[in-house]
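Down below is the structure, laid out as structure tokens.
Every chain is numbered from 1, with letters handed out A, B, ... down the list of sequences. For the numbers below, each heavy atom of this structure counts, side chains included, while hydrogens, waters and symmetry mates do not.
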Amino acid sequence: MNWPLAPILLPLLTALVTLFWGRSSLPRRWFVAVSATMQLVVALHLTADTVLGRTFVLGLGAWPAQFGIVLVVDLLSAIMLSLSALITLASVLYGYAETSVRLEHPLRATLTQFLVMGINLTFCTGDLFNLFVAFEIMLIASYALLTLEADDWDIKHAFPYVAINLFGSALFISACGLAYKLFGTLNFAEISLRAALLTGDFRLHLLALVLIVVFGIKAGLFPLYYWLPNSYPTLPIPTSALFAGMLTKVGVYVLLRMFATVLPHELTFAHTLLAWLAGATMVLAVMGAISRNFIRGILSFHILSQIGFMVLAIGFFTPLSLAACVFYIVHHIVVKSSLFLIGGVALRLNGTDDLDRMGNLWKHTPWLGLLFLFQALSLAGIPPLSGFWGKYLIVVVGLQEREYWLVGASILASILTLFSMLKIWNGAFWTVSNSVPLRTGDRRWVGMTTVVAGLTVVSLVIGFGAEGVLRIAMQAAERLCDQQGYAREVLAYLGKAGGNLSP
Amino acid sequence: MQLETALLIGVMFTVATYLVLQRSFVKILFGFLILTNAANFVVLAMSGRPDGKVAPVVLDPQSPMVDPLPQALILTAIVIGFGVAAYLVFLLYRLFLDQKTTNAAELYDEKESG
């Protein structure tokens, strides 16, 4: 079955076609929208198939799995692919509603598709070096998007982002080298089998620590997150929603994959380190959010604080906490992106997203307020919205593990999240002031709000159908941890030679 | 060979870190170039001692070969590093055009930018 190739091939082809299509026009827009929809359909199809217990393994070049490059789509990968397709579609449609054809930068669609290709390759890849390549595709596209429509003030904030990611890439390639020396292979399945024999070797711990730094930079863990809150707000709104939803979560996904599927489960030191870094991230980032006074700045810090929750769940490292992590990722990607998009609508309506100079939104656009209320309360973790269930499970696991300080930190972070969401609510929606202009005459906000409404419905479905989503998350986490099963599935791929290696 | 390679990698990482932390754009650029190459050296060193081995081209099936995989890996990494370096040059040039400075400290001076 060649299906695992589709989530990579479709964005690549779309990017190439749009590159040569040139100027943006209505047919070009339709083409990208149809392609994004098709990507969503393919990803949902993969999810529907993998949820039944299948794992797709595709060897590129039809070499046996040990020697060639393999793409592996298991349930978690398929879930992540669906989320990335969903957010891309929302971002594309929102961009159409926001910008007229004439003003749209022609390269935005192209670069977005390259970015999606990198993200999807990260989710599908089955070996460490290919993961590096996927990261680089994603990063180069993200550098370009960050500077594409930047003015001279924005461009200053692109440089720290590029610099820290260059450093991360150098470290990543070194980690690939270390892993190759240690295991003699870079294939995830093979590594998981060989690493089991090396438990207790300090080099394995060293590798785990290097990987924490590499993916911690990408995810935005505590000492490594300073690049994020300044660079994300400079992006155009639809792109920033895509970045906020997907890019840091790619880091979390890779941490999950590495620690649950690839490396042995006995790396207690690394897990504890992850948990405490996550605790620090949650509290410090939410304090950063409180210190900011413009919507996109506050939301950027909240990305980091929420990353803390997900990584904390990885750090606890029990089957239930990993399921909670998967659930949290699903919830967070949808909610975070839609909050960025809502912030964008508010920015359009008020002409600014500085909370001191906003207001009147609740009075004139109650629907937007309602959407914000749902998503903001969900982010803070108010039942029965989607954010509550993930947080609840993480707290339960924390209490079981007797990590009272970390549980306390997570509850504190939730309360402060609620506080800073209320700050946005008070500043932008509740305040009634005559000096604030409200541009409801500009009808673009209706289309933009409709897109957000679609995402909100998805997030409400996750919240109210929590039991079903959780069951899928449990299954995903179970299969993620099943190293033997993963290795068996992947190494069963023998390619065209049928496992016969002699020429 | 292994010790010398390890020392070389150590020196390269040190120099790269030092340069990246400098203020001048040109030094930062060179720092990143050296950093990428130092990382490539790490991977190359993982193919083990090359003494008594032949290049990974099968002419004589009897003689031992150097492990070809790290070389294939850094070939990819070099190409990627080249692309990113080109991007970095343009980013720094654009920063220079916009901000009229090649000094990173001036660029992020809070008082000046307001």
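Residue B:L88 touches chain A through its side chain alone, counting heavy-atom pairs closer than 4.5 Å. Neither the backbone nor the side chain of B:F41 has a heavy atom closer than 4.5 Å to any heavy atom of chain A. For A:Y180, the part lying under 4.5 angstrom from a heavy atom of chain B is the side chain only. For B:I9, no part sits under 4.5 Å from any heavy atom of chain A, backbone or side chain. A:F132 touches chain B through its side chain: at least one heavy atom from C-beta onward sits under 4.5 Å away, while N, CA, C and O do not.
Within a 6.0 Å radius of CZ in A:F183, other residues, nucleotides and ligands contribute more than 12 heavy atoms. Taking a 6.0 Å sphere around CZ of B:F82, one finds it holds 12 or fewer heavy atoms contributed by other residues, nucleotides or ligands.
With contacts defined as side-chain heavy-atom distances shorter than 4.5 Å, the pair B:L69/A:F129 does not qualify. Contact annotation: the side chain of A:V162 never approaches that of B:F32 to less than 4.5 Å [non-hydrogen atoms, C-beta and beyond]. Between B:V84 and A:I140 there is a side-chain heavy-atom pair separated by less than 4.5 Å.
Within the structure, side chain to side chain donor-acceptor pair (under 3.5 Å) pairs that include any residue of residues 80-104 of chain B comprise A:T147-B:Y87, B:R94-B:D98, B:T101-B:E106 (at least two apart or interchain).
With chain B as partner, the option from A:I155, A:L171, A:I173 having the largest number of non-hydrogen pairs under 4.5 angstrom is A:I155. Most heavy-atom pairs under 4.5 Å with chain A, from the set B:N40, B:L92, B:D67: that is B:D67. Interface remark: of the candidates A:A163, A:S169, A:A175, A:C176, A:A163 forms the most heavy-atom pairs closer than 4.5 Å to chain B. The greatest number of non-hydrogen atom pairs below 4.5 Å with chain A, out of B:V20, B:I80, B:L73, B:L35, is found for B:L73.
Across all their heavy atoms, A:S174 and B:A39 have their closest contact at OG-CB, 3.6 Å.
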